[in-house]
There are 2 protein chains.
Amino acid sequence: MLITRASEYAILSLILLSSAKEPMDSETLSRELSIPKSFLAKILQALAKSGVLKSYKGAKGGFALDKETKDISMLAVMSCVEGKAPAVFECAPAEKSCPSEQANICSIWPFLHKLQGKIDSFLEELTLADIVEE
Amino acid sequence: MLITRASEYAILSLILLSSAKEPMDSETLSRELSIPKSFLAKILQALAKSGVLKSYKGAKGGFALDKETKDISMLAVMSCVEGKAPAVFECAPAEKSCPSEQANICSIWPFLHKLQGKIDSFLEELTLADIVEE
DNA sequence: CGAATCTAAAGCCATAATAGCCTCCTGATA
DNA sequence: TATCAGGAGGCTATTATGGCTTTAGATTCG
Ligand code: SF4
Ligand code: SF4
């Protein structure tokens with residue numbers, strides 16, 4: 001799996017939040033989307049920390065978007081939720097990642113890197129706005 | 001990770017085998033590529049079962065390619081080694097895979113499916129020949 | 001021809017990494 | 001200050017990876 005469940009939940013939440021006027025708390029989101037509350041909380045926290053969401057504590061608190069939908073790329077969302085950018089394979093992002101340090105002579109690294117590039121640019125260009133307005 | 005270590009090992013083995021005249025036994029391959037022997041054996045068996053490799057028992061036995069390099073697609077290799085086709089996400093291959101059975105109204109399924117399609121065709125068209133002759 | 005030897009085939013087990021989920025603590029608001 | 005909701009860490013199930021042993025088929029040599 002290139003994409004984890006955490007990313008799915010993140011995107012579903014963002015979609016819902018994009019059409020909300022006021023901040024929504026994690027419990028409401030959890031109920032609305034049938035997502036385990038505690039798991040979702042951690043995801044939302046990560047999104048808040050990276051600036052995609054803004055969190056409000058205390059009564060009437062919750063989460064709300066902190067950017068325009070067209071400024072939220074799927075790549076950014078996944079990178080932040082999963083802790084690292086989605087990689088097709090361990091060594092795909094950079095030659096240095098190869099454990100045997102033979103990426104320069106490895107026959108399959110070029111193709112891995114090419115595939116990774118395609119995926120990255122796809123995710124980079126795809127924004128929340130694209131998804132919502134379909 | 002979309003691609004597992006088993007797939008990496010499979011491809012590395014196939015590259016080596018493509019330039020060999022005679023069958024190579026799993027131990028030689030394991031030593032040559034620094035791959036755990038027992039793990040590699042399992043991978044080679046899977047490849048043999050799906051017709052990519054041909055196995056020879058007894059003395060002077062081993063594994064050899066059973067197809068032209070240009071007829072071996074990476075998609076086929078991965079599918080057979082990993083037991084299933086590499087999926088970008090649980091629900092990406094087909095709408096039916098959605099656990100909540102809401103793929104038809106799900107906002108993000110279309111984009112997942114599109115990404116999956118891109119990856120599939122990339123892997124489908126990439127053959128062992130392409131990799132070897134670089 | 002027959003036995004010893006070689007190698008794949010198949011099964012089960014152990015460990016490491018990851019994904020997924022839950023509980024309690026901390027801080028802000030009313 | 002009482003309450004509401006986010007923050008941080010811990011726990012379990014699943015998967016990926018690798019090890020080990022036994023079985024079975026083929027070859028080679030005496
Ligand atoms: S050997 Fe090649 S495929 Fe394997 S990790 Fe290194 S660069 Fe990647
Ligand atoms: S809800 Fe959408 S993204 Fe989630 S599994 Fe179903 S189709 Fe896929």
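Keep in mind that what you see is a predicted model, and the values were worked out from it rather than measured. Naming: A, B, ... by sequence-line order, numbering from 1 per chain.
Contacts of Ala41(B) with the nucleic acid, taken as non-hydrogen atoms under 4.0 Å apart, are absent. When heavy atoms are screened at a 4.0 angstrom cut-off, Lys49(A) is found touching the sugar-phosphate backbone but no base atom. Across all strands shown, Lys37(A) has no heavy atoms under 4.0 Å from either base or sugar-phosphate atoms.
Counting only residues at least two apart or on different chains, no ring-ring contact (aromatic ring centres under 6.0 Å, His included) pair has a member in residues 51-99 of chain A.
Listed candidates were dA8(C), dC21(C), dC4(D). Nearest to the side chain of Lys57(B) is dA8(C).
Remark on the helix from dC1(C)-dG30(D) to dA30(C)-dT1(D): inter-end axis angle 10°, axes from five-pair C1' superpositions, rounded to 10°.
Of all non-hydrogen atoms in Asp130(B) and Glu125(B), the two that sit nearest each other are OD2-O, 3.5 Å.
Comparing Gly62(B) and Gly58(A) by the nucleotide of DNA chain C whose heavy atom lies nearest to each, the residue mapping closer to the 5' end is Gly62(B). Position along DNA chain C of the nearest nucleotide to Ser38(A) versus Lys60(B) favours Lys60(B) as the more 5'-ward residue.
Phosphate proximity of dT17(D) to Thr4(B): present, with a side-chain N or O under 4.0 Å from OP1 or OP2. Distances shown here put a side-chain N or O of Ser26(A) below 4.0 Å from the OP1 or OP2 atom of dG6(D).
The aromatic rings of Phe39(A) and Tyr9(A) sit perpendicular to each other, their planes meeting at more than 60°, with 30° as the lower class boundary.
Taking atom CD1 of residue Ile43(A) and atom C1' of nucleotide dA8(D), one finds them 15 Å apart after rounding to whole Å. Atom CD of Glu27(A) is separated from atom C1' of dT3(D) by 14 Å (rounded to the nearest Å).
Between the side chain of Ser121(A) and the backbone N or O of Gly117(A), at least one donor-acceptor pair lies under 3.5 Å. Remark: the backbone N or O of Pro93(A) is not paired with any side-chain donor or acceptor of Gln116(A) at under 3.5 angstrom.
Within the 4.5 Å cutoff, the side chain of Leu2(A) has no heavy atoms near those of the Met1(B) side chain.
Judged by distance alone, with hydrogens and angles left aside, Lys42(B) brings a side-chain donor or acceptor within reach of the base of dG19(D), the pair sitting under 3.5 Å. For Gln45(A) against dG6(D), a side-chain-to-base donor-acceptor contact under 3.5 Å is absent.
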